[in-house]
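We name chains A, B, ... by the order of the sequence lines, and we start the count at 1 in each one. Just so you know, these numbers use all the heavy atoms, side chains as well, and skip hydrogens, waters and symmetry mates.
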Amino acid sequence: MYLLLAAHADGAALQELTADGTPHPATPVPRIVSSAELTGVVRGLEQRRPRWIWHRTQNWYPALLAAGVELERCYDLTLCGAILAHSEFTAHTAYAQNAEKLTQDEELQPPRALQPPPPPADQGALFDDPGLRKTPRHSPEDLRAEYAAQQEALSQAEGPGAERHGGNRRQRLQLLLAAESAGAMIAAEMQHTGVPWREELHEQILAGYLGPRPAAGHRPAKLEALTAELRQLLDSPSLNPDSPQELMRALHRNGIEVKTTRQWELKESSHPAIEPLLAFKKLSRLHAANGWVWLDAWVKNGRFQPEYVVGGVVSGRWASRGGGALQIPRQIRGAVHADPGHKLIVADASQLEPRVLVALAQDARMAEAARDKDLYAGIAAQGFGGDRAKAKVALLGAIYGATTGESGRLMPQLTRTYPRAVGFVEHAAREGEAGRTVTSRLGRSSPPPSDRWLQSQQSTSAEEQRRADSIARSRGRFTRNFVVQGSAADWAACWLAELRRRLRALRADGTPAGELVFFLHDEVMVHCPEAAVTACVRAIEEAANAAKELLFGKIPVEFPVSVAVVDSYDHAK
DNA sequence: ATGATGCGCGCG
DNA sequence: AAAGCGCGCGCATCAT
């Protein structure tokens, strides 16, 4: 069952559609539901397990969750439209070509019917959101047509050029759209739930590193002491060590000839001021980024509730807004603590990107190494005389496009042992250098070349040509990484969606189950009652294997998940 | 005063 | 030990 939910002046419009987006005979005209009755109506209809089709998950779902309504599945027109408008799998369709034309001619973002975002405004207290703009909204008919157009494009994905991607393009893209929409729901659910965060533990950690909480706008004691020490050691009585300019001058006056004030460059010097300076930088960062101010701003009632931005990174990774949710430093992870009677299950996919590369390239030799729980150890044994560190640097260098340093020097050695895997990323790099698009396993494509790249193609002089080559190589490094990072994001999206499905199934059975509370590229955190730990761990592992098979079928490559059951986040890993 | 940009550093 | 991919954020600094 497909149910369109659209904003309407009198509340919301509901319409049942068929799979291809035509109105269901039973509902030729949308049903208008007042804002007051909307929650109840949605809750009732959910019994029939529909796929809710809406403009943006973020416009509808948070308010429904706040009202206690959880839904099973949706179709996010904005996220799916963005994928379809750019995917190589649908590049030949009218949908993508119209979207492309609109972006170029009118500076509008695709998909065409969805710009600008319509607020589900005027829907009573439930949907009050002063942050939403009052802009022209889209009629149910606009959204229905948009959905039909997207389904049409999807159905054509098996078109010209399909063999280049090994077929199955429609199924893969369909899977990606489902996973992306599920991701949008998970993001809203995780924001609603929040990460369990013990404020008093956070404060203990801060006090340990920085001293007692200072008055607003003042440096904590430890930073004051280090500042005084640095002023003396560098003979600069008024130095502000937070200012790179002042710091640079002071360092130079003392014969410390650095070109930047970055940590790794400072570490080269043996001057007595370096050690306290590095300590200052470390603590200053903690204070500024995750200190008392952060705690006051972002943690409420024992929960950290960041906003996740699904589709926020072109590769398909999520971004986040507010509180630096994807950069929680190790120093303060001790504050992430399970509730009484609960545990945190922290699981991460071990060495995800190299394993994805093995599967993408179908490199049989590297697949042997990937049978090892520790892929880098396997690679080291095969081609690097057992030197794990070398194997790791070489492989990551291949994925990132390293040319210099140890990583660059190891490339020939890696290429000899694994010509297929290295050839795969080299090919992606050459495509990017030539201005072409590359695509993830499930069909998310890289953006077209930047204006900078296009302009550089006009170069005439030798100087301009060097510049053009540099810009091309930079794009090559991006597309080289895109195929791996993007496919890893495909895998992670499927992992997450499969895990959510299993956790919901456990709950529906009446089995105690945990809740997803955090997701970070290749890592998930489930907060669960102690009695549910075993079932949740199994769900996480089964979901990982399911994700592998959804992407690649039954292949002889493992995607092992390392699982830690802990009271606090700092005890994971 | 306010907004944009660059640096540096946190995470994967 | 290192400089190659993707982000967000706070501060200092520069431009308006």
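Residue A:Thr404 has its side chain nearest to C:dA3 when only C:dA12, B:dG10, C:dA3 are considered. Checking B:dG8, B:dC11, C:dC5 against every side-chain atom of A:Arg477, the shortest atom distance belongs to C:dC5. The side chain of A:Gln485 sits closest to C:dC5 out of C:dA2, B:dG8, C:dC5. When distances run from any side-chain atom of A:Trp264 to the nucleotides C:dA3, B:dG10, C:dG6, the shortest one goes to C:dA3. Of all nucleotides listed (B:dG12, C:dT13, C:dG6), C:dT13 comes nearest to the side chain of A:Gln245. Of the candidate nucleotides C:dA12, C:dG4, C:dG6, C:dA12 has the atom nearest to the side chain of A:Ser243. The side chain of A:Arg285 has B:dC9 as its nearest neighbour among B:dC9, C:dC11, C:dG4. For A:Val314, counting side-chain heavy atoms from C-beta on, the closest listed nucleotide (C:dC7, B:dC11, C:dC5) is C:dC7. The nucleotide whose nearest atom lies closest to any side-chain atom of A:Gln263 is, among C:dA12, C:dC5, B:dC9, B:dC9. Listed nucleotides: B:dG8, C:dG4, C:dG6. Nearest to the side chain of A:Thr403: C:dG4.
For the pair A:Glu426 and A:Arg480, the salt-bridge criterion is met [side-chain N within less than 4.0 Å of a carboxylate O]. Between A:Arg56 and A:Asp76, none of the side-chain N atoms (NZ, or NE/NH1/NH2) sits under 4.0 Å from a carboxylate O, so this pair counts as no salt bridge.
Heavy atoms of A:Gly408 sit nowhere under 4.0 angstrom from any nucleic acid atom. A:Lys282 comes within 4.0 angstrom of the backbone, heavy atoms only, and of no base. Within the 4.0 angstrom heavy-atom criterion, no nucleotide atom of any strand lies near A:Val484. Contact annotation for A:Gln351: no contact, since no heavy-atom pair falls under 4.0 Å across all strands. Among the heavy atoms of the strands, none lies under 4.0 Å from A:Lys390. Contact annotation for A:Arg409: no contact, since no heavy-atom pair falls under 4.0 Å across all strands.
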Checking A:Asp490 against A:Arg172 for the salt bridge (charged side-chain N to carboxylate O under 4.0 Å, His left out) test, could you report, in this order, the C-alpha distance in whole Å, the side-chain angles of both residues, the deciding distance, and whether it holds? CA-CA 10 Å; A:Asp490 290 346; A:Arg172 288 197 219 162; over 6 Å; no
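Nearest-nucleotide positions on DNA chain C for A:Gly322 and A:Arg219 put A:Gly322 closer to the 5' end. Toward the 5' end of DNA chain C, the nearer of the two residues A:Ala319 and A:Glu246, judged by each one's closest nucleotide, is A:Ala319.
Looking at A:Arg480, its side chain has no donor and acceptor atom pair within 3.5 Å of the base of C:dG4. On a pure distance criterion of 3.5 Å, a polar donor-acceptor pair joins the side chain of A:Gln327 and the base of C:dG8.
Distances shorter than 4.0 Å separate some side-chain N or O of A:Asn240 from OP1 or OP2 on C:dA12. The side chain of A:Lys281 places no N or O atom within less than 4.0 Å of a non-bridging phosphate oxygen (OP1 or OP2) of C:dC11. Side-chain nitrogen and oxygen atoms of A:Arg317 include none within less than 4.0 Å of the OP1 or OP2 phosphate oxygen of C:dG6. For A:Arg330 and B:dG12, the shortest distance from a side-chain N or O to OP1 or OP2 is below 4.0 Å. Taking 4.0 angstrom as the limit, A:Thr261 places a side-chain polar atom (N or O) nearer than this to OP1 or OP2 of B:dG8.
Per the geometry, NE2 belonging to A:His521 stands 12 Å off P belonging to B:dC11, to the nearest Å. Distance A:Tyr209 OH to B:dG10 P: 12 Å, rounded to the nearest Å. If you take CH2 of A:Trp294 and C1' of B:dC11, they are 13 Å apart, rounded to a whole angstrom.
A:Ala398 approaches A:Leu414 most closely through the heavy-atom pair CB-CD2, 3.7 Å. Across every non-hydrogen atom of A:Gly194 and A:Gln305, the tightest pair is CA-CG, 3.7 Å.
Aromatic pair A:Phe519/A:Trp495: centroids not less than 6.0 angstrom apart.
In A:Asp296, the CG atom is crowded: over 12 heavy atoms of neighbouring residues, nucleotides or ligands sit closer than 6.0 Å.
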